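Order of the sequence lines sets the chain letters (A, B, ...), proteins ahead of strands, with each chain counted from 1. The shown structure was predicted, so the numbers you read here are calculated from the model rather than taken from an experiment.
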Amino acid sequence: MALTGLEIYKKLPKQNCRECGLPTCLAFAMKVAAGQAGLDTCPRLTEEARSNLNEASAPPQRLVTIGEGEAGFPMGQETVLYRHEERFHHPCGIAVRVEDTLDDAGLDARLEAIGQMAFERMGLRMVIDLVAIDNVSGEAARFAACAKKAAEKLNKPLVLISGNVAALQAAAASVAPRRALLQFTEAAPGEDLFKLAKEKNLPLGLQADSLEALTALAEKARAAGLQDLVLSPGAAAGPAAALEFLTKTRRAALQKKFRPLGYPVLTYALGSGDEALIAACWYVLKYAGIVVVDTLEPVAVLALMMTRFNIYTDPQKPVQVEAKLYAVGEPGELSPVLITTNFALSFYSVEGEVEAARVPSYILAVDTEGTSVLTAWAADKFNAETIAAAVEKSGLAEKVKHRKLTLPGHVAVISGGLEEASGWKVDVGPKEAVGLTSYLKQRWKAE
Amino acid sequence: MAIPETKEAWAAAINRLTIGATTAQGGTRKSTVTVGGAKCVPGLAFDGDLGEPPAVAVEVWDVPADDWPEELAGQYGAALNKPGDWAKKAVEFGADMICLRLMGVHPDGGDRSAEQAAATVKEVLAAVGVPLIVWGCGVAEKDNKVLPSCTSAARGENCLFGTITEKNYRTLVAACLADGHKLIGESPLDINMAKQVNILAQDAGYPLSDLVLYPNSAALGYGYEYVISILERGHLAALNGDQLLRQPVLCNVGAEAWRTKEARAADEEVPGLGTAARRGPLWEALTATGLMPAGADILVMRHPGAIALVKQGIKTFMRAG
Ligand code: SF4
């Protein structure tokens, strides 16, 4: 866990030489503790002190990246058990499994479908994060060929799942230089596996059916010089057991600083039934670093992505958009003007409906400090005066010929006041964004 | 290296609370529902006593639900015109309880009278043997006129009535004390307000042990992380002994999930996302699934497909053994 400034200061040279760019060693220590400076900027630190400090200040759960650079998928380095305590940092990866027993046509089709799965929500493009090739065939050559094809077709980080070291070796070689995760599924890995991961600098996934056994495995791997580890309860673990595994590893790492379990966790929610989807949902919410699923049903994948998106938002910051006038489509001087708040959820719900209705419109996002229509109204941030001021500032009067504003139905009570304050007519729109499509198509008229 | 002990030493459990009364207990219910009792983080048997699994209450209205999309309304068909028939359907769909929402007493929603509302409560009680939640229209003056007639119509049945708020609690507290019902305290996604409502009820002579918390709800993809955090904070505070947050928690899952585009939209409005028959129940079920690990005890739901899925999930994650 993070050291305090004073704990760091004790190990510094205490020469106040300013070579780190700060006036004193104490000031430097405080910066390091706050994560705003690295130990490397003190040239006078002894090697011994450096390694001591590095070990002690290493995060309790390691950040492990599959792949590299921009295309890499980072996971772990979580700091809390509940999002309200701070926030969750590295969103759980959704990995779709591809069995290497598929024939070539089936393989192509599946990879194609994985690549095409994408959703636009909240101004973000959400896609499948990783591809997990599963060595169901037990054959090294087939496994390697499938992995190679996935690497060629998709620019996504890869998980290679096998209990066979030779197969992992062949597949890793076939996708090199991509840094795939080697997810080993047998309980007794040998030195050859550690050697493979070490030589090729690949993250290594270990699995065991008890935490005791897994701790022993992780210690062996650490002793062999491996640092980028991933832990898994395995595909055979039942949902309740997997949840217990996830919770115990997270608590042991964060609360007890137990290094052997201080790594991200990979869980499986396989099968096409809805039980798998429910389980996947629990794992995303409760601490998984990667969930491997079979489903490619769009609405199911979207639900998992939204679950993940929601739980990983920063509770300190409401998700907001810039408060201003937005043009959706190419609105003209007779196009509707829809009023909403700058809470991202409100704004994007309205925008999505306008796009779906294909009625070009203006959306005015009023600054409510990122709060929703009803919350902002209750807090007096979304009232006749604030809306009228936003209309004025937006320059709408020059953009449209009509003088009509559409107000969210939930705040119909302020329509009279708004007409007075703004001089515009007010049309009370639907309460929920979902009603906008029919409103725009059937009800809205410029005059 | 030995693995460190990660089981928490919790100080207290969520209150156990029973809704409904059988003939032997002075009512006419065939079954009762007990919720709460957990002395652990939800679903974690290793952490402590799991307590009672979450219960599913199914929504029934006193007037036909005119804004339900076809996929949802179609499940109930003509029964939507008769609360008693509607409740029977709900029980067929797996309801542990009925949540009767008096939408029709709303001044803008029909303005039904106290007598009419009380008659509907009796109709539903007569139609089914499961316990009853009765929920007002949310307009304080009107609820204060109507709900006391309903509490007395259901006297002895040990129903769960809602809601009391910081601004409006005296009438319903008095009525539930007189007629022996449990109460829902409502707060707007704010943990201090949730406690405040409990304090007000307690000061008015109502026992904390008979209250249920309703901190408001939201759907998956539509801000339900705020609800999750409120639930988790409350649950942890309760386990650490906070008397004012030890009440079981109710979540309005169906009402929120069926407002979403994913559930409501016509098939051609969301190309590639599958049929309404699939999207709606799934969104409702996964909304409930997200709230359970955070500490939801009573899930108010709508669609039979979602109910079945959620019950499956409860069995998998929320029951001992
Ligand atoms: S460079 Fe090192 S020794 Fe010099 S002032 Fe900074 S911390 Fe102190």
Practice item. Mind running side chain to side chain contact (heavy atoms under 4.5 Å, CB included) on B/Thr289 and A/Leu277 for me, showing each step along the way? Key: CA-CA 10 Å; B/Thr289 301; A/Leu277 190 55; over 6 Å; no
Review point. Is there a side-chain contact between B/Ile228 and A/Leu285 (heavy atoms, below 4.5 Å)?
Key: yes
Check your understanding: With a 4.0 Å cut-off, would you call A/Lys286 and B/Glu232 a salt bridge?
Key -> yes
Point to revise | chain B contact via A/Phe119 - which portion, at a heavy-atom distance below 4.5 Å | key: side chain
Review point. Which bit of A/Leu261 is near chain B, if near means a heavy-atom gap under 4.5 Å: side chain, backbone, both or neither?
Key: side chain
Revision key, fill the gap. Cut-off 4.5 Å, heavy atoms of chain B, and the answer for A/Glu212 is both
Study note, to complete from the structure: So, the part of B/Ala294 with a heavy atom under 4.5 Å from chain A: the answer is neither
Study note, to complete from the structure: Okay, A/Phe343 and chain B: the region with an atom under 4.5 Å from a heavy atom over there is side chain
Revision key, fill the gap. When the 4.5 angstrom heavy-atom criterion is applied to A/Pro260 and chain B, the contacting part is side chain
Point to revise | Structural part of A/Ser346 lying under 4.5 Å from a heavy atom of chain B | key: neither
Review point. Testing A/Glu85, A/His84, A/Arg83 for side-chain hydrogen bond (donor to acceptor under 3.5 Å, both in side chains) with B/Ser229, which one passes?
Key: A/Arg83
**Study point:** Contacting moiety of A/Leu345, where chain B heavy atoms sit under 4.5 Å
**Key:** side chain
Check your understanding: Is the closest side-chain heavy-atom distance between B/Arg278 and A/Val299 below 4.5 Å?
Key -> yes
Review point. Under 4.0 Å between a Lys/Arg side-chain N and an Asp/Glu carboxylate O for B/Asp67 and A/Lys431?
Key: no
**Study point:** Qualifying residue for side-chain contact (heavy atoms from CB on, under 4.5 Å) with A/Met306, from B/Tyr222, B/Trp283, B/Tyr224
**Key:** B/Trp283
**Study point:** Interface moiety of A/Ala378 toward chain B, non-hydrogen atoms closer than 4.5 Å
**Key:** neither
Practice item. Would you mind checking which part of A/Arg250 comes under 4.5 Å of any heavy atom in chain B, side chain (CB onward), backbone (N, CA, C, O), both or neither? Key: neither
Practice item. Name the region of A/Tyr82, side chain, backbone, both or neither, that has any atom closer than 4.5 Å to a heavy atom of chain B. Key: both
Revision key, fill the gap. So, the part of A/Thr313 with a heavy atom under 4.5 Å from chain B: the answer is side chain
Exercise for review: Please work out whether the ring planes of A/Trp282 and B/Phe317 are parallel, tilted or perpendicular, with thresholds of 30° and 60°.
Suggested key: parallel
